[in-house]
2 protein chains.
Amino acid sequence: MDILTQANRLEALGNPTRLAIYRALVRAGHAGTPVGKLQDAIGIPASTLSHHLAKLCACGLAGQTREGTVLRCRAHYDVMEQLVAFLAAECCADATAAPCETSACG
Amino acid sequence: MDILTQANRLEALGNPTRLAIYRALVRAGHAGTPVGKLQDAIGIPASTLSHHLAKLCACGLAGQTREGTVLRCRAHYDVMEQLVAFLAAECCADATAAPCETSACG
DNA sequence: AAAATATTTCGAATTTTCTGGAATGATAAA
DNA sequence: TTTATCATTCCAGAAAATTCGAAATATTTT
């Protein structure tokens, strides 16, 4: 439940291109999708896509497994669910965690 | 439900300092908190804080109302709930919206 | 081992973000 | 109207993100 970890994930999804990539992974379901097909779908240069995928993987939101010459990418749903749970628990109206202790709550 | 709008909000929360600011706003509840108290709580220069608050307000996640010389800041819970709903609906395992239409789903 | 395919890493330019001191603007009190 | 307080805007430097062609790496096929 590290805040910096969650911030890193939010930042990863905050880039419109990466959000599009991540959504394509989600639509691909548990089977995932090869990098090449992602490239066709999103329409950006391979090197750019690779950088974005690296960021999504580094923050835990996605993973890759090699299948021959192809790299299959998958969304890590459990990590996204963690993130959503974090937002719901600590950033919404009825936030229960991290109760007010500072002078900022006056 | 504009994707760019949601990406903008995710980006806003993706900065650790801004996430801390936003969480302080949430902890302050519906009453909100003045900029000055936020500054005491977070411990950053006024101009830096002001920039971050401006970004949170610009993307809709927060708002400000003047009370005399004081500016009171509040989290916009409905906007955050929209964002969480977006993530749950389009970025999680059982995503129903935006069904697979592209070649990226093979 | 050479060729073909898939993808990453390198290198470098461009753009954007982040930061904070100084100046300015807004409001209230004396 | 002067003074004081609160907060933003201006300005500019430093750091980081974004982009993508070219070169390199990984794997399979012939």
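FYI, side chains are in, hydrogens and waters are out, and symmetry mates aren't considered; it's all heavy atoms of this structure. Just so we're on the same page: letters track the sequence lines, and every chain starts at 1. Note that the structure is predicted; figures quoted are calculated from it, not measured.
Nucleotide D:dT18 holds its P atom 15 Å from the CD1 atom of A:Ile42, rounded to whole Å. Going from atom CG of B:Leu49 over to atom P of C:dG20 covers 11 Å, rounded to whole Å. Counting to the nearest Å, the C1' atom of C:dT27 and the CZ atom of B:Arg72 are 16 Å from each other. What separates CD of B:Gln39 from P of D:dT5 is a distance of 15 Å, to the nearest Å. In this structure, NZ of A:Lys55 is placed 15 Å from P of C:dT9, rounded to the nearest angstrom. Rounded to whole angstrom, the span from the CG atom of B:Leu71 across to the P atom of D:dT5 amounts to 18 Å. One can place CG of B:Leu53 at 14 Å from C1' of D:dT9, the figure rounded to the nearest angstrom.
Taking side-chain N and O atoms only, B:His52 has a distance below 4.0 Å to OP1 or OP2 of C:dT19. At the phosphate of C:dT8, OP1 or OP2 sits under 4.0 Å from a side-chain N or O atom of A:Ser50. Contact annotation: B:Arg18 side-chain N/O to C:dC18 OP1/OP2 distance is under 4.0 Å. Under 4.0 angstrom from either OP1 or OP2 of C:dT8 there lies at least one side-chain N or O belonging to A:Gln64. A close approach under 4.0 Å does occur between a side-chain nitrogen or oxygen of A:Asn15 and OP1 or OP2 of D:dT18.
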Are any protein N/O atoms closer than 3.5 Å to N/O atoms in nucleotides 24-30 of chain D? If there are, list each pair with its distance.
none

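Atoms CG and CG, from B:Asn8 and B:Asp2 in turn, are 9.5 Å apart once rounded to the nearest 0.5 Å.
Cluster membership check: A:Val79 shares its hydrophobic cluster with A:Leu53, using side-chain heavy-atom separations under 4.5 Å among Ile, Leu, Val, Met, Phe, Trp and Tyr. Cluster membership for A:Leu10 and A:Tyr77, using ILVMFWY side-chain heavy atoms within less than 4.5 angstrom, is shared.
In this structure, A:Thr48 and A:Glu11 both approach DNA chain C, and ranking their closest nucleotides by distance from the 5' end singles out A:Thr48.
The A:His51 side chain lies nearest to D:dT19 when the options are D:dA7, C:dT7, D:dT19. Minimum atom distance to the side chain of B:Pro45 is reached by C:dG20, of the listed C:dT8, C:dG20, D:dA7. Among C:dT7, C:dG21, D:dT19, the nucleotide with an atom closest to any side-chain atom of B:Ser47 is C:dG21.
Here the closest non-hydrogen pair linking B:Gln39 and B:Ile44 is CG-O, 3.1 Å. The minimum heavy-atom distance linking B:Cys92 with A:Val26 is given by the pair O-CG1, 3.4 Å. Taking every heavy atom of both residues into account, B:Arg18 and B:Leu56 meet most closely at O-CD1, 4.0 Å.
Side-chain N or O atoms of A:Arg72 include one that pairs as donor or acceptor with a backbone N or O of A:Ala31 at under 3.5 Å.
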